[in-house]
Amino acid sequence: MSFSSLKVPLSELNLSLTLRSGQCFRWRRRSEKNKDGLEVWVGVVKGHVLSLVQDQDQNMIHYEFLNKRHGDKRIKVDEEEFLRNYFQLHTSLTDLYKHWSDVDPVFKKTAAKFPGVRVMNQDPVENVFSFICATANNIKRIQKMVEAMCLEFGDHLFDDPEFGPLHAFPSVESLSKETVTPALTRLGFGFRAKYISCSAKMIISGGIKPLETLSSPSTPSHETRTELMKLSGVGKKVADCISLFSMAKTEPIPVDTHVYQIACKLYKMKGLDPNKSNSVSDKKYKEIANFFQTLFGSHAGWAHSVLFTADLKL
DNA sequence: GCCGACCCTGGCA
DNA sequence: TGCCAGGGTCGG
């Protein structure tokens, strides 16, 4: 039991909302609150098993790295930097909320009830294969599938008293093996099993540019998107999610059924039928994305995450 | 550019 | 028990 603390107000990071916003799939809330009656979150990030607690009254996030090995020399400054980087705390969410509220009354109204919803900076490999699982799926099942994939192909990291064995996200190499498709099919991945194996092979063989290159600030987001869409099971929507959530692009708007509904009902966009929002046409997709990008500016994808989270009715 | 198929689950009538 | 939607993508 050795928690450290990070000074962060709720307006900059709302842990509960952010971790449930559907951008990441490996965070779980403990069934029991801690001694102070606060929610405890456990997740796996780049081989680290993390426990996080938000103390709203103190403007603090308490954190603990659970799978420290004996003699681990990692120092507090590194851990703090690791978290600041993961949650992108260098970007002021307060400033962004203010800007979005100034330009859009609809956002302003929503944001009041949903403060601190932030886009995280996740591992590209994990994000690619997690969002391939997201196709025609719901968040609960995506989480189950991602966890199953980690248990099957990822390295063991830690045995949690409540959640049992926690594994790292599998490497691209391990997902490119011939045994992967049958294994994932057995695990109930359905048509996504072959997408995962096929995409892993493509990444390994250099069928697309390296993920690190696509994540680089010097690669424009339209190029990142085009490259990602070469992967099997990755269309425009999934490519936009990956770009936004793990490749440091801030303007992509993943237009899914929720965003379609939001554009239709909250923003009264013309030509949208609320009764058939599944499989958005290329044209409508572009229109909706353009609308929000014009409205919100360079961090439109971040604003979208706030509206999306609000729509989830968590 | 528009369908229908695709795997599987949980919720609901 | 049957139907349907769930953060879509692919192929015709």
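Each chain gets a letter, A, B and so on, in the order the sequences are listed, and its residues count up from 1.
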Legend entry - Presence of A/K194 side-chain N/O under 4.0 Å of B/dC7 phosphate oxygens OP1/OP2: yes

Inset, instruction - Answer yes or no: is there a side-chain heavy-atom contact under 4.5 Å between A/E80 and A/S4? - result: no

Inset, instruction - Determine, for A/E227 against A/K230, whether the closest basic-nitrogen to carboxylate-oxygen distance falls under 4.0 angstrom. - result: yes

Legend entry - Exam field: side chain A/T110 to backbone A/V106, donor-acceptor pair closer than 3.5 Å: yes

Inset, instruction - Compare all side-chain heavy atoms of A/L295 with those of A/F107 and state whether any distance is below 4.5 angstrom. - result: no

Inset, instruction - Please measure how far the C1' atom in B/dG1 lies from the corresponding atom in C/dT9, and state the result in whole Å. - result: 15 Å

Which atom pairs link the protein and nucleotides 9-13 of chain B when you take only N or O atoms and keep those under 3.5 Å?
| residue | atom | partner | partner atom | Å |
| --- | --- | --- | --- | --- |
| B/dG10 | OP1 | A/K144 | NZ | 3.3 |

Inset, instruction - Could you check how far CE of A/M145 sits from C1' of B/dC8, rounded to whole Å? - result: 8 Å

Inset, instruction - Taking only Lys NZ, Arg NE, NH1 and NH2, and the carboxylate oxygens of Asp or Glu, determine whether A/K98 and A/D102 approach each other closer than 4.0 Å. - result: yes

Legend entry - A/R28 charged N/C atom sitting above A/F163 aromatic ring, 6.0 Å / 45°: yes

Legend entry - Whole angstrom value for the distance that separates C1' of C/dG8 from CG of A/D240: 13 Å

Inset, instruction - Just call it for A/L312: base, sugar-phosphate, or nothing, with non-hydrogen atoms closer than 4.0 Å on any strand. - result: nothing

Inset, instruction - Let me have DNA chain C in dot-bracket notation, would you? Count Watson-Crick plus G-U wobble pairs, both distances under 3.5 Å, and use [ ] for pairs crossing earlier ones and | for inter-strand partners. - result: ||||||.|||||

Produce the list of close N/O pairs, under 3.5 Å, pairing protein atoms with atoms of nucleotides 9-12 of chain C; give distances to one decimal.
| residue | atom | partner | partner atom | Å |
| --- | --- | --- | --- | --- |
| C/dT9 | OP1 | A/G235 | N | 2.9 |
| C/dT9 | OP1 | A/G235 | O | 3.4 |
| C/dT9 | OP1 | A/V238 | N | 2.9 |
| C/dC10 | OP1 | A/G233 | N | 2.9 |

Inset, instruction - Could you state the atom-to-atom distance from CD1 of A/I196 to C1' of B/dC7 in whole Å? - result: 12 Å

Legend entry - Length of the line joining A/R192:CZ and C/dG8:P, which is rounded to integer Å: 10 Å

Inset, instruction - Grab the CG-C1' distance between A/N137 and B/dC7 for me, whole Å please. - result: 9 Å

Inset, instruction - Please assess A/E162 against A/S31 for the test side-chain hydrogen bond (donor to acceptor under 3.5 Å, both in side chains), listing each intermediate value before the final yes or no. - result: CA-CA 8 Å; A/E162 180 175 0; A/S31 54; 3.0 Å; yes

Inset, instruction - Assign A/S21 to base, sugar-phosphate, or nothing according to its heavy-atom contacts below 4.0 angstrom with the strands shown. - result: base

Legend entry - Pair A/E126 + A/R26, salt bridge at N-O below 4.0 Å: no

Inset, instruction - Please work out if A/K284 contacts a base, only the sugar-phosphate, or nothing of the nucleic acid, heavy-atom cut-off 4.0 Å. - result: nothing

Inset, instruction - Report yes or no: does A/T219 contribute a side-chain atom to a donor-acceptor pair with the main-chain N or O of A/S215 at less than 3.5 Å? - result: no

Legend entry - Length of the line joining A/I142:CD1 and C/dG6:P, which is rounded to integer Å: 12 Å

Inset, instruction - State which of C/dG8, C/dG7, B/dC2 makes the closest approach to the side chain of A/P254. - result: C/dG7

Inset, instruction - State whether A/K284 and A/D273 are salt-bridged, where the test is any N-O pair (Lys NZ or Arg NE/NH1/NH2 against Asp/Glu carboxylate O) under 4.0 Å. - result: no

Inset, instruction - Indicate the ring-plane relationship of A/F82 and A/Y86, choosing parallel, tilted or perpendicular according to the 30° and 60° boundaries. - result: parallel

Legend entry - Rounded distance in Å - CG (A/N127) to C1' (C/dG7): 13 Å

Inset, instruction - Could you measure between the two P atoms, the one in B/dC7 and the one in C/dG12, and give it in whole Å? - result: 15 Å

Inset, instruction - Write down the distance between OH (A/Y260) and C1' (C/dG6), rounded to a whole number of angstrom. - result: 17 Å

Inset, instruction - For the pair A/F296 and A/F292, name the ring-plane relationship: parallel under 30°, tilted 30 to 60°, perpendicular over 60°. - result: parallel

Legend entry - Separation of the P atoms in B/dG4 and C/dC4, to the nearest angstrom: 13 Å

Legend entry - Integer angstrom distance from the C1' of B/dA5 to that of C/dA5: 16 Å

